[in-house]
**Q** 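Handing you this structure, nothing more for now.
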Amino acid sequence: MLLPDGPKSPSIWQMFQWITTPFSFLRSCNHHYGDHFTVTFNQKFGPLVFFTDPEALKVILTGDDSELFDAPGELNAAFEPLLGSQSVIGLSGDRHRRMRQLLMPSFHGERMRSYGQVIQDITKEVMGEAVAGEPLYIRKIMQKISMRVILRAVFGLNEGPRYQQLECLLAKMLDKMSNPWKISFLFFTILRRNFGPLSPWASFVRDRQKIDQLVYDEIAERRNHPDDSRTDILNLLLSARDEAGEALTNGELRDELMTLLVAGHETTATAITWALYWIHKIPPVRKKLLAELQALDGLEDPSVIFRLPYLNAICSETLRIYPVGILTFPRVTRSRLELSGTSIEPGTTVVGCIYLTHHREDIYPDADQFRPERFLERRYSPYEYLPFGGGVRRCIGMAFAQFEMKLVISGILSCFELALANTRPVRPVRRGLTSGPSRFRMVINNRRRVNHSA
Ligand code: HEM
């Protein structure tokens with residue numbers, strides 16, 4: 001098969017670089033081979049063609065469920081051990097479409113706005129537990145907030161032994177998942193074996209069983225005691241029916257709930273952590289944001305906060321410069337077509353490289369600089385700016401994540417004074433299947449109302 005040029009090193013070495021240093025690997029490919037290139041991570045999966053040109057991305061993401069492209073869930077098999085075989089991420093074609101239709105209403109309009117107060121309350125609750133004056137890993141605090149938010153949104157749970165056990169077990173498991181070595185079995189199926197009770201796979205399976213038991217217990221209890229007044233996602237999914245009038249089975253429910261918990265927790269916590277870093281790294285950014293928040297005069301209306309222009313620009317720039325999801329999920333060409341001036345044969349696996357697209361100097365001058373103003377100066381097309389992907393697999397939680405980012409950041413900045421604990425550089429690193437900042441600490445100096453001159 002004729003493919004665009006790319007690294008010639010053995011696939012195991014390409015995979016190693018992709019796992020350990022994904023950003024420099026991509027930059028090096030971009031430098032040597034231009035705005036589209038072919039990499040091979042393993043022979044079984046085959047070559048992958050990376051695209052960074054918005055014209056090509058437009059063709060891929062507007063045609064990813066047509067005679068031109070397919071968006072097969074089978075190619076997302078890395079997620080299966082965690083999310084299960086019926087997760088929307090692993091489904092294809094009609095089954096994928098059906099599942100998205102059942103899930104989407106939970107993240108729309110009124111329903112989503114109803115999570116606003118919950119997010120604000122949880123931010124205050126968790127920040128209130130943080131010790132002032134000591135250097136703290138702010139990421140851990142953001143993970144706690146996003147875990148509580150997603151558990152509350154998904155299950156409506158906020159107290160009781162089941163909730164506490166779930167919070168603790170999920171946090172433990174997802175923390176392990178952020179270490180690429182502890183989850184090497186997601187990348188290499190050969191490692192999905194019990195090499196003894198202490199091996200990563202055995203420990204993962206044990207944790208997963210405990211979590212599954214709690215999720216199935218909750219589903220059973222909710223089926224036995226239906227309560228129409230509840231507004232959580234599980235309630236919505238329990239009553240949801242597809243076009244054929246079919247309800248979700250327990251297995252489907254477990255896999256979708258797990259998908260939302262996993263996809264919605266780590267990603268959003270990472271994005272908020274990055275945003276807090278940038279806000280405190282660049283004093284003029286912090287000053288402008290504080291001025292915007294002060295103008296609210298203590299008003300905490302979530303829909304007003306959601307529309308604040310500078311806060312929006314900070315969140316957009318945060319997800320541009322180091323996108324949490326480095327790539328879109330893979331798509332496969334169904335027919336021969338021309339992309340970025342290259343003829344691509346049917347059956348080729350292609351991905352949108354979000355990180356390199358967001359670093360194109362022709363679209364984002366001084367792309368390595370954090371400059372929220374660029375989002376106030378011009379509008380970017382959905383193929384120039386795509387932190388949530390696009391097309392038939394566009395992130396289901398996009399609006400929810402943006403809402404949460406804005407409410408948590410504004411809640412923290414309005415009530416607390418934070419500072420970076422030191423000036424050590426913070427780098428983007430791999431965190432499991434996504435990316436995030438290297439470890440850094442912040443100090444919560446004191447609590448105060450927003451002060452214009454701060
Ligand atoms: C800042 C936070 C987030 C980022 C950057 C992000 C990014 C992404 C990206 C890049 C994709 C792939 C899209 C594609 O291939 O076109 C995706 C898919 C997905 N995301 Fe998110 N996401 C975030 C938060 C969330 C949240 C909060 C949820 C749910 C609670 C969620 C649920 C999903 C699901 C279910 C999919 C798979 C959709 C499908 O296969 O049809 N994400 N996300």
Side-chain angles (χ1 to χ4, degrees), residues 51 57-58 60-65 69-77 79 82-84 86-93 95-104 106-108 111-112 115 119 142 145-147 149-155 232-234 237 255-275 315-316 318-332 349-355 357-358 382-383 385-406 408-409 431 433-436:
F51 283 93
L57 294 172
K58 185 173 178 184
I60 296 170
L61 297 174
T62 50
D64 59 356
D65 186 21
F69 291 96
D70 193 13
E74 298 77 45
L75 294 182
N76 304 328
F79 293 91
L82 183 60
L83 307 182
Q86 302 179 81
S87 158
V88 64
I89 290 180
L91 299 178
S92 309
R95 289 188 71 204
H96 174 246
R97 232 184 331 272
R98 164 185 178 262
M99 196 56 84
R100 275 186 76 98
Q101 271 162 10
L102 293 173
L103 292 174
M104 291 302 279
S106 301
F107 296 97
H108 267 252
R111 173 69 61 158
M112 204 197 63
Y115 307 131
I119 297 171
M142 296 312 114
I145 293 178
S146 77
M147 176 63 83
V149 166
I150 197 72
L151 278 173
R152 193 90 57 96
V154 168
F155 293 112
D232 53 75
I233 296 176
L234 174 53
L237 292 182
D255 289 358
E256 297 330 315
L257 296 174
M258 202 61 188
T259 300
L260 299 179
L261 290 173
V262 173
H265 161 62
E266 185 73 15
T267 47
T268 318
T270 299
I272 302 170
T273 307
W274 265 129
C315 293
S316 302
T318 298
L319 290 172
R320 178 196 69 82
I321 193 160
Y322 295 127
V324 181
I326 310 171
L327 308 176
T328 68
F329 289 132
R331 272 67 166 176
V332 176
T349 308
V350 300
V351 290
C353 184
I354 302 175
Y355 169 70
T357 307
H358 286 184
Y383 314 105
Y385 181 68
L386 62 160
F388 297 97
V392 291
R393 287 204 179 266
R394 191 175 81 165
C395 177
I396 285 177
M398 177 172 102
F400 186 85
Q402 290 171 321
F403 197 45
E404 183 175 347
M405 276 180 85
K406 292 175 185 180
V408 173
I409 295 167
R431 290 191 62 88
L433 294 168
T434 57
S435 80

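Here the structure is a predicted model, which means the values were calculated and not measured. Both counts, for ligands and for their atoms, begin at 1 and track the order of listing. Numbering of residues begins at 1 and proceeds along the displayed sequence.
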**Q** Closer than 4.0 Å to some heavy atom of A263 - which atoms of ligand 1 meet that?
**A**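 Within the 4.0 Å cut-off of A263, ligand 1 contributes 24 (C), 25 (C), 26 (C), 31 (C), 32 (C), 33 (C), 42 (N).
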
**Q** Ring centres of Y115 and F400 under 6.0 Å apart?
**A**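 Between Y115 and F400, the centre distance is under 6.0 Å.
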
**Q** Could you verify whether a donor N or O on one side chain and an acceptor N or O on the other, from S92 and E74, lie under 3.5 Å apart?
**A**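 The criterion, which ignores hydrogens and geometry beyond distance, is satisfied for E74 and S92.
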
**Q** Given that the side chain starts at C-beta and the backbone is N, CA, C, O, which of these parts of P387 lies under 4.0 Å from ligand 1, counting heavy atoms, or is it both or neither?
**A** backbone

**Q** Looking only at protein heavy atoms, which one is nearest to atom 28 (C) of ligand 1, and what is the separation?
**A**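 Answer, as residue, atom name and distance: G397 CA, 3.5 Å.
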
**Q** Please could you name the atoms of ligand 1 that V88 approaches to less than 4.0 Å, counting only its heavy atoms?
**A**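 Counting atoms of ligand 1 from 1, those under 4.0 Å from V88 are 35 (C), 40 (O).
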
**Q** Quickly, which of N76, L260, T259, V262 forms a side chain to side chain contact (heavy atoms under 4.5 Å, CB included) with S87? Name it, please.
**A**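 When side chain to side chain contact (heavy atoms under 4.5 Å, CB included) is applied between S87 and each of N76, L260, T259, V262, only T259 qualifies.
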
**Q** For ligand 1, indicate whether the residue R331 contacts it via side chain, backbone, both or neither (heavy-atom separation under 4.0 Å).
**A**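 The side chain, only.
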
**Q** Of the protein's non-hydrogen atoms, which lies at the shortest distance from atom 18 (C) of ligand 1, and what is that distance?
**A**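 Of the protein heavy atoms, C395 CA, 3.6 Å lies nearest.
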
**Q** Considering non-hydrogen atoms of the protein only, which is the closest contact for atom 37 (C) of ligand 1, and what is the distance?
**A** I89 CG1, 3.5 Å

**Q** Would you indicate which of M405, E266, R100, E404 comes nearest to atom 38 (C) of ligand 1 when only heavy atoms are counted?
**A**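 Checking each option, the heavy atom nearest atom 38 (C) of ligand 1 is found in R100.
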
**Q** Among all protein heavy atoms in this structure, tell me which lies nearest to atom 24 (C) of ligand 1, with the distance rounded to 0.1 Å.
**A** T267 OG1, 3.4 Å

**Q** Is the H358 ring parallel, tilted or perpendicular to the Y385 ring (thresholds 30°, 60°)?
**A**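 Parallel, since the angle between the ring planes stays under 30°.
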
**Q** Suppose I only count heavy atoms of I150 and a 4.0 Å limit; which atoms of ligand 1 are within that range?
**A**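 Selected atoms, number and element: 30 (C).
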
**Q** So is there a nitrogen or oxygen of L260 less than 3.5 Å from a nitrogen or oxygen in ligand 1?
**A** no

**Q** Do L61 and R331 come close enough that some side-chain heavy atom pair is under 4.5 Å?
**A**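 A side-chain contact under 4.5 Å exists here.
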
**Q** Closest approach of P330 and T349, non-hydrogen atoms and distance?
**A** CB-CG2, 3.6 Å

**Q** Provide the closest heavy-atom pair for E256 versus V88 in the form atom of the first, atom of the second, distance.
**A**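 Between these two residues, the closest heavy atoms are OE1-N, 3.0 Å.
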
**Q** Any nitrogen or oxygen of R393, main chain or side chain, under 3.5 Å from a nitrogen or oxygen of ligand 1?
**A** yes

**Q** If you have a sec, work out which protein heavy atom is nearest atom 6 (C) of ligand 1 and how many Å separate them, to one decimal?
**A**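 Residue, atom and distance for the closest contact: F388 CD2, 3.6 Å.
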
**Q** Any chance CZ of R394 has more than 12 other-residue heavy atoms, nucleotides or ligands included, within less than 6.0 Å?
**A** no

**Q** Any non-hydrogen atom of G390 lying under 4.0 Å from ligand 1?
**A** yes

**Q** May I ask you to test the T328-R393 pair for a side-chain heavy-atom distance under 4.5 Å?
**A**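 No, every pair of side-chain atoms sits at 4.5 Å or beyond.
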
**Q** For atom 27 (C) of ligand 1, what is the nearest protein heavy atom, given as residue, atom name and distance?
**A** G264 CA, 3.4 Å

**Q** Counting each atom of ligand 1 from 1 as listed, which ones have a heavy atom of G389 under 4.0 Å away?
**A**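 What qualifies from ligand 1 is 10 (C), 13 (C), 14 (C), 16 (O).
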
**Q** Below 3.5 Å, N or O to N or O, backbone or side chain included: is there any such pair between H96 and ligand 1?
**A** yes

**Q** Search all heavy atoms of F403 against all heavy atoms of I119 and return the closest pair with its distance.
**A** CD2-CD1, 4.2 Å

**Q** State, yes or no, whether a side-chain contact exists between W274 and I321 at a heavy-atom distance under 4.5 Å.
**A** no

